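Notes for the one structure printed next.
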Amino acid sequence: MRDAYHEELDSISDSLVEMARLVGSAIGRATTSILDSDLKLAESVIEADQKVDDLQHELEARAIALLARQQPVATDLRIVVTSLRMSADLERSGDLAQHVAKLTRLRYPERAIPHDLHATILEMGQLAQRLMAKAAEVIVTKDVDLALQLETDDDEMDLLHRTLFQHLMDERWKHGIETAVDVTLLGRYYERFADHAVAVAKRVVFLVTGEHADELQGTDVSSVAGVEGA
């Protein structure tokens, strides 16, 4: 009975990893769709988001059933509750990737992004994908040090986000109001996607150590994790 219980906990973790990998792929493909004005690719991203939603619903159902049947306490309870919160972050990340793809569809056959911003948007998309891949790795490995690194990595996304606004505020901007709105929204989608990846990593820190990530910055996290796991 106890083995079945832990198998169910493991299956919840596996679902989180699958969700992270799916939304990471989605943001990468959505970025390609908007830069290339690829409607077919955009539609595939939009449709694929249902898989992420389904995984979240299945995870929630399993987690609630575990809470009802096993009434977990201490570390096991933290695993279940934290997993539910991570699934919400990942589901929202999928929605953000879908928003990028929907912008492709909205402006098709025109390109939503001016050529002079392609490099910045490409970099934001690639960084978002890398951050989510690292978040997936953190879920698998429960590596607290790696989890804490994501917040530093996210600084790069914030810098790219500011770069977009510098273009928008430049008096030489010549692409019109509609494009300015599109770029503003797009920058926000990537920035929020990155924030959700960081949030997932922070929740893993809490899951492993029982401490919030902000409280562990600059401390010897290996000793904290070691005590928690004892």
Side-chain angles (χ1 to χ4, degrees), residues 3-29 48-49 51-67 70 72 74-98 125-154 156-157 190 192-217 221-222 224-229:
D3 288 343
Y5 170 51
H6 283 288
E7 285 175 8
E8 192 66 24
L9 285 176
D10 290 341
S11 76
I12 288 174
S13 179
D14 291 342
S15 293
L16 290 170
V17 173
E18 185 177 0
M19 288 179 72
R21 289 173 176 166
L22 284 172
V23 300
S25 172
I27 197 67
R29 291 183 294 118
D49 186 56
K51 173 65 173 176
V52 177
D53 293 345
D54 290 344
L55 281 169
Q56 187 198 21
H57 296 155
E58 292 166 9
L59 186 153
E60 286 180 342
R62 292 202 306 272
I64 291 169
L66 267 182
L67 289 171
Q70 302 293 339
T75 302
D76 287 348
L77 179 60
R78 193 163 70 234
I79 291 171
V80 176
V81 173
T82 303
S83 295
L84 284 169
R85 291 174 175 170
M86 284 193 281
S87 75
D89 282 311
L90 293 169
E91 188 275 334
R92 183 57 184 149
S93 299
D95 288 345
L96 291 163
Q98 187 183 58
Q126 291 174 339
L127 178 58
Q129 194 167 6
R130 289 198 304 273
L131 284 167
M132 191 56 73
K134 188 175 283 189
E137 184 180 353
V138 167
I139 296 170
V140 173
T141 63
K142 306 295 189 292
D143 186 330
V144 174
D145 287 318
L146 183 62
L148 293 174
Q149 288 174 19
L150 260 79
E151 191 157 19
T152 300
D153 296 340
D154 183 49
E156 186 179 346
M157 184 66 82
Y190 286 116
R192 290 299 299 146
F193 187 98
D195 286 347
H196 284 296
V198 172
V200 168
K202 284 184 172 182
R203 296 192 197 285
V204 173
V205 171
F206 179 70
L207 187 155
V208 173
T209 68
E211 301 287 340
H212 292 287
D214 294 343
E215 298 169 354
L216 292 178
Q217 293 288 354
V221 294
S222 61
V224 176
V227 170
E228 179 63 25

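Model, not experiment: these values are computed from the prediction.
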Check whether any side-chain heavy atom of [X] sits under 4.5 Å from a side-chain heavy atom of [Y], and report yes or no.
{"X": "H196", "Y": "L90", "result": "no"}
{"X": "T75", "Y": "I79", "result": "yes"}
{"X": "D195", "Y": "R192", "result": "yes"}
{"X": "L16", "Y": "S83", "result": "yes"}
{"X": "Q70", "Y": "E8", "result": "no"}
{"X": "Q56", "Y": "E60", "result": "yes"}
{"X": "V23", "Y": "R92", "result": "no"}
{"X": "E137", "Y": "L146", "result": "yes"}

Heavy-atom closest pair, residues [X] and [Y]:
{"X": "D154", "Y": "V198", "answer": "CB-CG2, 3.6 Å"}
{"X": "R78", "Y": "F206", "answer": "NE-O, 3.1 Å"}
{"X": "V205", "Y": "A213", "answer": "CG1-CA, 3.9 Å"}
{"X": "Q129", "Y": "G28", "answer": "OE1-CA, 3.4 Å"}
{"X": "A197", "Y": "L150", "answer": "O-CD2, 3.6 Å"}
{"X": "E91", "Y": "M19", "answer": "N-CE, 3.8 Å"}

[atom2] on [Y] to [atom1] on [X], rounded to 0.5 Å:
{"X": "E156", "Y": "R130", "atom1": "CD", "atom2": "CZ", "value": "6.0 Å"}
{"X": "I27", "Y": "F193", "atom1": "CD1", "atom2": "CZ", "value": "5.0 Å"}
{"X": "S13", "Y": "M86", "atom1": "OG", "atom2": "CE", "value": "7.0 Å"}
{"X": "D143", "Y": "K134", "atom1": "CG", "atom2": "NZ", "value": "10.0 Å"}

Using atom types as modelled and distance alone, determine if a side-chain donor or acceptor of [X] lies under 3.5 Å from a backbone N or O of [Y].
{"X": "R21", "Y": "A136", "answer": "no"}
{"X": "R62", "Y": "S11", "answer": "yes"}
{"X": "S25", "Y": "L22", "answer": "no"}

| task | Before accepting this row, confirm whether a basic side-chain N of the pair K51/D54 lies closer than 4.0 Å to the acidic partner's carboxylate O. | result |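 Judged by the 4.0 Å cut-off on N to carboxylate O distance, K51 and D54 do not form a salt bridge.
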
| request: Answer yes or no: does atom CZ of R85 have more than 12 heavy-atom neighbours from other residues, nucleotides or ligands under 6.0 Å? | output: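 Not buried by this count: 12 neighbours or fewer within 6.0 Å.
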
| task | Go through the steps for E151 and K202 under the test side chain to side chain contact (heavy atoms under 4.5 Å, CB included), then give the verdict. | result | CA-CA 9 Å; E151 191 157 19; K202 284 184 172 182; 3.3 Å; yes

| said: Before you tell me yes or no, could you show the steps for V144 and L148 under side chain to side chain contact (heavy atoms under 4.5 Å, CB included), namely the whole-Å CA-CA distance, both residues' side-chain angles and the distance that decides it to 0.1 Å? | reply: CA-CA 6 Å; V144 174; L148 293 174; 4.1 Å; yes

| request: Given side chain to side chain contact (heavy atoms under 4.5 Å, CB included), test S93 with M132 step by step and report yes or no. | output: CA-CA 9 Å; S93 299; M132 191 56 73; 3.5 Å; yes

